[in-house]
Number of protein chains: 2
Amino acid sequence: MAQSRALDDGTAHDGRRDLAAMIVPLGRALMAAESPVLRAHGLSMWAYSVLLALGEEPVRTQNALAQAIGADKTRIIGVLDGLQERGLIERRPDPGDRRVRLLSLTAEGRRLRDSAQAGIRERETRLLARLPAADRTAFLRALRTLSSLPEDEIIDPE
Amino acid sequence: MAQSRALDDGTAHDGRRDLAAMIVPLGRALMAAESPVLRAHGLSMWAYSVLLALGEEPVRTQNALAQAIGADKTRIIGVLDGLQERGLIERRPDPGDRRVRLLSLTAEGRRLRDSAQAGIRERETRLLARLPAADRTAFLRALRTLSSLPEDEIIDPE
DNA sequence: TATTGTTATACTCTATAACTATA
DNA sequence: TATAGTTATAGAGTATAACAATA
């Protein structure tokens with residue numbers, strides 16, 4: 001039968017592996033790289049995500065917060081409990097609609113988030129230093145473009 | 001207290017989010033994009049990974065195959081059973097050491113893999129078309145560089 | 001009746017440990 | 001005894017469904 005691939009090394013087409021085959025393990029390794037920093041700050045991955053999301057913009061409902069970080073609303077309840085007990089976030093009922101919880105960072109939460117993020121960024125910088133400067137900026141620009149696309153357009157690009 | 005971030009939108013430093021915060025959801029979306037193609041071919045994500053890994057180079061032990069695709073050796077046994085039953089892979093004892101199983105793709109396995117990969121690549125191409133050509137090539141080059149690093153060097157870059 | 005948050009349950013995925021067969 | 005593969009068990013993580021409070 002016809003052999004449609006010059007080299008049978010999994011790098012058909014333009015000589016690369018599938019995007020997901022490169023990106024997913026890279027993401028896993030990046031999470032593993034973050035983990036000691038987060039552990040030193042007493043934060044789980046989800047807790048750190050929450051701190052980041054609350055810094056981005058004040059969030060009005062827990063459901064909205066959960067969706068913003070790609071989690072189920074039931075998933076983050078324990079996380080919010082822990083952060084609140086440690087005084088890193090505030091969670092109080094909205095006077096206007098006492099069903100919803102207004103979520104915000106405390107000053108200490110902001111400090112901890114910044115400290116953890118600084119450690120993470122430092123490692124990222126060293127990793128990115130392996131790329132030529134031009135590739136690095138293009139990589140980051142492309143990454144920002146792709147990661148800001150709505151998920152639908154990634155799943156089914158036209 | 002001092003506000004160390006000009007804008008509190010989670011984009012400190014060089015105006016971007018954490019690498020993992022961009023890459024991990026992107027990887028998830030890419031897997032979601034692959035999933036209908038794989039389902040149409042009757043393949044799970046792990047089964048597809050196995051077909052790709054066997055295409056890259058013949059593998060001598062199941063343990064080595066599992067590690068190559070980032071799985072536990074116990075995790076892929078059911079996957080191999082299914083692929084073998086469908087005649088997509090061959091799995092026979094090594095005559096030299098009958099403990100080990102020699103793993104290889106059949107012609108039909110190769111065909112199925114190529115067909116699935118073609119569908120996946122087509123979607124990827126449309127997605128990457130959203131990037132300027134220069135960014136696209138730099139992105140792919142950088143991605144190949146980073147994803148080919150040993151995991152240790154990503155976790156703890158010097 | 002609908003919605004927010006919560007709790008309880010079930011399900012999936014993954015890792016660990018125990019077993020067999022070969023060496 | 002050590003290793004490759006397999007099976008069985010247990011654990012973590014996640015999603016689904018039921019519940020209480022408020023609107």
Side-chain angles (χ1 to χ4, degrees), chain A residues 20 24-25 27-32 34-35 38-39 42-50 53-54 57-85 89-104 151 155, chain B residues 20 24-25 27-32 34-35 38-39 43-50 53-54 57-85 89-104 151:
Chain A
V24 172
R28 260 197 277 266
L30 286 171
M31 286 205 299
E34 290 189 1
S35 125
L38 294 179
R39 190 152 1 105
L43 293 171
S44 69
M45 203 73 61
W46 284 118
Y48 180 59
S49 292
V50 164
L54 289 181
E57 48 190 28
V59 176
R60 222 180 78 84
T61 77
Q62 295 183 183
N63 199 358
L65 172 62
Q67 291 200 297
I69 63 178
D72 192 88
K73 65 174 179 177
T74 65
R75 210 48 228 48
I76 63 168
I77 291 177
V79 177
L80 294 176
D81 290 345
L83 291 173
Q84 188 179 25
E85 277 171 25
I89 66 168
E90 256 189 322
R91 175 161 61 157
R92 33 170 200 172
D94 180 346
D97 181 344
R98 294 214 306 283
R99 291 174 303 182
V100 327
R101 306 272 176 268
L102 299 175
L103 302 162
S104 57
E151 198 180 336
I155 293 177
Chain B
V24 172
R28 261 197 276 268
L30 287 170
M31 286 204 300
E34 290 189 359
S35 126
L38 294 180
R39 189 150 3 105
L43 293 171
S44 70
M45 204 75 59
W46 284 119
Y48 181 59
S49 291
V50 164
L54 289 182
E57 48 190 27
V59 176
R60 222 181 77 84
T61 76
Q62 295 184 183
N63 199 356
L65 172 62
Q67 290 200 297
I69 64 176
D72 191 88
K73 66 174 179 177
T74 67
R75 248 211 118 303
I76 63 168
I77 291 179
V79 176
L80 295 177
D81 290 345
L83 291 173
Q84 188 179 24
E85 277 172 24
I89 66 169
E90 255 189 323
R91 175 162 63 159
R92 32 168 203 176
D94 180 348
D97 181 345
R98 294 214 306 282
R99 291 175 303 182
V100 326
R101 306 272 175 269
L102 299 175
L103 303 162
S104 58
E151 199 180 335

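So that the names make sense, note that chain A is the first sequence line, chain B the second, and so on, each numbered from 1.
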[N] [atom2] sits how many Å from [X] [atom1], rounded?
{"X": "A:R75", "N": "C:dT12", "atom1": "CZ", "atom2": "C1'", "value": "14 Å"}
{"X": "B:M31", "N": "D:dT14", "atom1": "CE", "atom2": "P", "value": "12 Å"}
{"X": "A:I89", "N": "C:dG5", "atom1": "CD1", "atom2": "P", "value": "12 Å"}
{"X": "A:R92", "N": "C:dG5", "atom1": "CZ", "atom2": "C1'", "value": "17 Å"}

Find out whether B:Q62 and B:L80 are in side-chain contact, i.e. whether some heavy atom of one side chain is under 4.5 Å from a heavy atom of the other.
->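 In short, these two side chains touch, coming nearer than 4.5 Å.
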Quick check: closest heavy atoms across [X] and [Y], and the distance to 0.1 Å?
{"X": "B:A53", "Y": "B:L65", "value": "CB-CD1, 3.6 Å"}
{"X": "A:V79", "Y": "A:A47", "value": "CG1-CA, 3.5 Å"}
{"X": "A:L102", "Y": "A:R60", "value": "CD2-CG, 3.5 Å"}

Say whether, by atom type as modelled, one donor and one acceptor occur between the side chain of A:S49 and the main chain of A:M45 under 3.5 angstrom.
-> yes
Can you tell me if the side-chain N/O atoms of A:W46 get under 4.0 Å from OP1 or OP2 in D:dA12?
->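 Answer no for this pair, as no side-chain N or O of A:W46 is under 4.0 Å from OP1 or OP2.
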Position toward the 5' end of DNA chain D (nearest nucleotide), B:R28 or A:D94 | B:R28
Pairs under 3.5 angstrom, nitrogen or oxygen only, protein versus nucleotides 3-11 of chain D, please.
residue : atom : partner : partner atom : Å
D:dT3   : O2   : B:R99   : NH1          : 3.0
D:dG5   : OP1  : B:Q62   : N            : 2.9
D:dG5   : OP1  : B:R101  : N            : 3.1
D:dG5   : OP2  : B:Q62   : N            : 2.9
D:dG5   : OP2  : B:N63   : N            : 3.1
D:dG5   : N7   : B:K73   : NZ           : 3.4
D:dT6   : OP1  : B:R91   : NH1          : 3.2
D:dT6   : OP2  : B:Q62   : OE1          : 3.2
D:dT6   : OP2  : B:Q62   : NE2          : 2.4
D:dT6   : OP2  : B:R91   : NH1          : 3.4

Pair up each side-chain donor or acceptor in residues 67-75 of chain A with any protein partner under 3.5 Å, not counting sequence neighbours, and list the distances.
residue : atom : partner : partner atom : Å
A:D72   : OD2  : A:T74   : N            : 2.9
A:D72   : OD2  : A:T74   : OG1          : 2.8

